[in-house]
Amino acid sequence: MLEKISQLTDEISALTAASLQDVEQLRIKYLGKKGAITLLMADFRNVPAESKREVGQAINQLKTLATEKINTLRETLADADSDDDAVDLTRTATPRLFGTRHPLSLVKREMLSIFASMGFTIAEGPEIEDDWHVFSSLNFPADHPARDMQDTFFISRDPADILLRTHTSSVQTRVMEKTQPPIRIVCPGRVYRNEAISARAHCFFHQVEGLYIDKNVSFADLRQVLLQFAKEMFGPETQIRLRPSYFPFTEPSAEMDISCNICGGKGCALCKGTGWVEILGCGMVDPNVLKACGIDPEVYSGYAFGMGIERIANLKYRVTDLRLFSENDVRFLHEFDAAR
Ligand code: PHE
């Protein structure tokens with residue numbers, strides 16, 4: 001019997017298996033109900049008394065050896081099975097995070113596409129400008145407060161006034177200097193004003209300004225274009241109203257309100273109970289401006305308008321703190337995923 005045990009010990013020590021099924025077969029072969037070791041143990045009672053101790057120890061060792069060997073084989077195969085290199089086709093893919101368009105870009109694109117549908121093309125110009133294009137050509141009197149350091153960021157005073165543009169009307173001047181009418185443009189871009197940063201004001205913001213110059217352009221044309229814009233931007237039931245105002249570069253000038261898009265004109269907190277919210281400035285281009293840019297005011301007339309993109313975005317998306325637009329907080333930016 002000892003011989004049989006030693007033979008089995010050699011056999012079991014040398015065992016290998018290619019799969020978990022093989023391991024199970026081996027377990028049955030040696031440790032199963034009719035397995036070799038189980039049979040040996042059943043035979044144990046026939047061992048003569050004087051050998052029982054020695055044989056008993058040997059059988060126990062063999063059984064421990066077989067159990068451990070089979071467990072080791074099983075673990076090795078199980079480990080190999082969950083190999084990291086193995087491709088698990090049922091696993092969901094790692095989600096990819098896509099960037100989103102900035103809310104101001106979304107609103108700008110919408111504004112530009114509405115004006116494009118009415119025949120306006122896009123014109124752009126530099127953010128660092130000179131006094132002529134931002135102020136002088138636009139009929140600003142020498143003592144106008146915008147020419148003050150308090151309102152405008154100056155880069156240099158000498159030899160010429162170089163400054164950060166305070167409105168994109170400077171682009172209109174540049175186009176008028178180079179082009180004879182008809183001119184029909186919208187000028188999007190960033191502008192700078194020397195304001196303390198708060199929820200309601202920032203030292204930079206964005207504008208879309210428009211200019212149309214041709215023969216016989218009237219205030220009624222201006223009104224119709226702005227009404228169409230308001231309806232497309234804020235919904236077909238939107239109404240507009242024009243209030244007389246003043247800008248150095250337009251005469252007559254007006255400010256435009258739209259019927260409050262929250263309460264529909266009944267009066268709420270946003271419109272402070274009036275039913276109207278202001279969105280832009282506009283007017284007929286002052287003949288002095290046309291002259292300064294080399295366009296004959298006896299032949300041509302035109303209108304201009306200008307508005308802040310932030311203001312339109314606030315009305316559309318209720319962003320109550322202007323600073324959110326430049327903080328790049330992804331929690332804020334991702335709120336606009338769906339609007340992409
Ligand atoms: N340029 C003006 C501003 O920045 C807006 C405006 C443009 C007003 C054209 C009238 C006509 O506030």
Could you pull out all donor-acceptor pairs under 3.5 Å where a side-chain atom in residues 255-263 meets a protein atom, sequence neighbours excluded?
| unit_1 | atom_1 | unit_2 | atom_2 | d |
| --- | --- | --- | --- | --- |
| E255 | OE1 | S245 | OG | 3.4 |
| D257 | OD1 | R243 | NH2 | 2.8 |
| D257 | OD2 | R241 | NE | 2.9 |
| D257 | OD2 | R241 | NH2 | 3.1 |
| D257 | OD2 | R243 | NE | 2.8 |
| S259 | OG | Q239 | N | 2.9 |
| N261 | ND2 | L315 | O | 3.1 |

Could you give the side-chain donor-acceptor pairs of residues 274-293 under 3.5 Å, partners two or more places apart or in another chain?
| unit_1 | atom_1 | unit_2 | atom_2 | d |
| --- | --- | --- | --- | --- |
| T274 | OG1 | C271 | O | 2.7 |
| T274 | OG1 | W276 | N | 3.2 |
| T274 | OG1 | W276 | O | 3.1 |
| D286 | OD1 | N288 | N | 2.9 |
| N288 | ND2 | N139 | OD1 | 3.4 |

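Note on ring orientation: taking the six-membered ring where Trp is involved, the planes of F336 and Y317 are perpendicular (angle over 60°, cut-offs 30° and 60°). Aromatic ring pairs are classed by plane angle as parallel below 30°, tilted from 30° to 60° and perpendicular above 60°; the pair Y303 and F120 is tilted.
Surrounding NZ of K69 are more than 12 heavy atoms belonging to other residues, nucleotides or ligands, all under 6.0 Å away. Within 6.0 Å of NZ on K316 lie more than 12 heavy atoms contributed by other residues, nucleotides or ligands. Environment of CG in L39: crowded, with over 12 heavy atoms of neighbouring residues, nucleotides or ligands closer than 6.0 Å. The environment of CD in E327 is crowded: more than 12 heavy-atom neighbours from other residues, nucleotides or ligands sit within 6.0 Å.
Put simply, the side chain of E310 does not reach to within 4.5 Å of the side chain of H202, judged on heavy atoms. When side chains are defined from C-beta on, F204 counts as touching S326, because their heavy atoms get closer than 4.5 Å.
A distance of 10.0 Å separates CZ in R331 from CG in L324, rounded to the nearest 0.5 Å. To the nearest 0.5 angstrom, K33 atom NZ is 10.5 Å from T38 atom OG1. For the atom pair I185 CD1 and E124 CD, the distance stands at 11.0 Å (nearest 0.5 Å). In this structure, CG in L211 is found 9.0 Å from OG1 in T173, a value given to the nearest 0.5 Å. For the atom pair I114 CD1 and R109 CZ, the distance stands at 13.0 Å (nearest 0.5 Å).
The side chain to side chain contact (heavy atoms under 4.5 Å, CB included) test applied to N194 returns F153, not counting sequence neighbours. Applying the ring pair (Phe, Tyr, Trp, His ring centres under 6.0 Å) test to F305 and every residue at least two apart in sequence or in another chain returns F115. Scored by the side-chain hydrogen bond (donor to acceptor under 3.5 Å, both in side chains) test, D296 finds no partners at all (sequence neighbours excluded).
Side-chain atoms of R147 and S136 include a donor-acceptor pair closer than 3.5 Å. Remark: the Y30 side chain and the E11 side chain contain an N/O donor-acceptor pair separated by less than 3.5 Å. No hydrogens or angles considered: nothing links the side chains of H167 and Q207 as a donor-acceptor pair under 3.5 Å. Defined by atom type and a distance below 3.5 Å, a donor-acceptor pair is missing between the side-chain atoms of H334 and T100. A side-chain donor-acceptor contact under 3.5 Å links E177 and H133.
Residues L77 and A18 come closest through the heavy atom pair CD2-O, 3.6 Å.
L15 and I28 fall into different hydrophobic clusters, where Ile, Leu, Val, Met, Phe, Trp and Tyr are joined by side-chain heavy atoms under 4.5 Å apart, directly or via other members.
Residue pairs meeting the side chain to side chain donor-acceptor pair (under 3.5 Å) criterion with at least one partner in residues 224-235, sequence neighbours excluded, are Q228-E232.
The main-chain N or O of R200 is found under 3.5 Å from a side-chain atom of S198 such that the two form a donor-acceptor pair.
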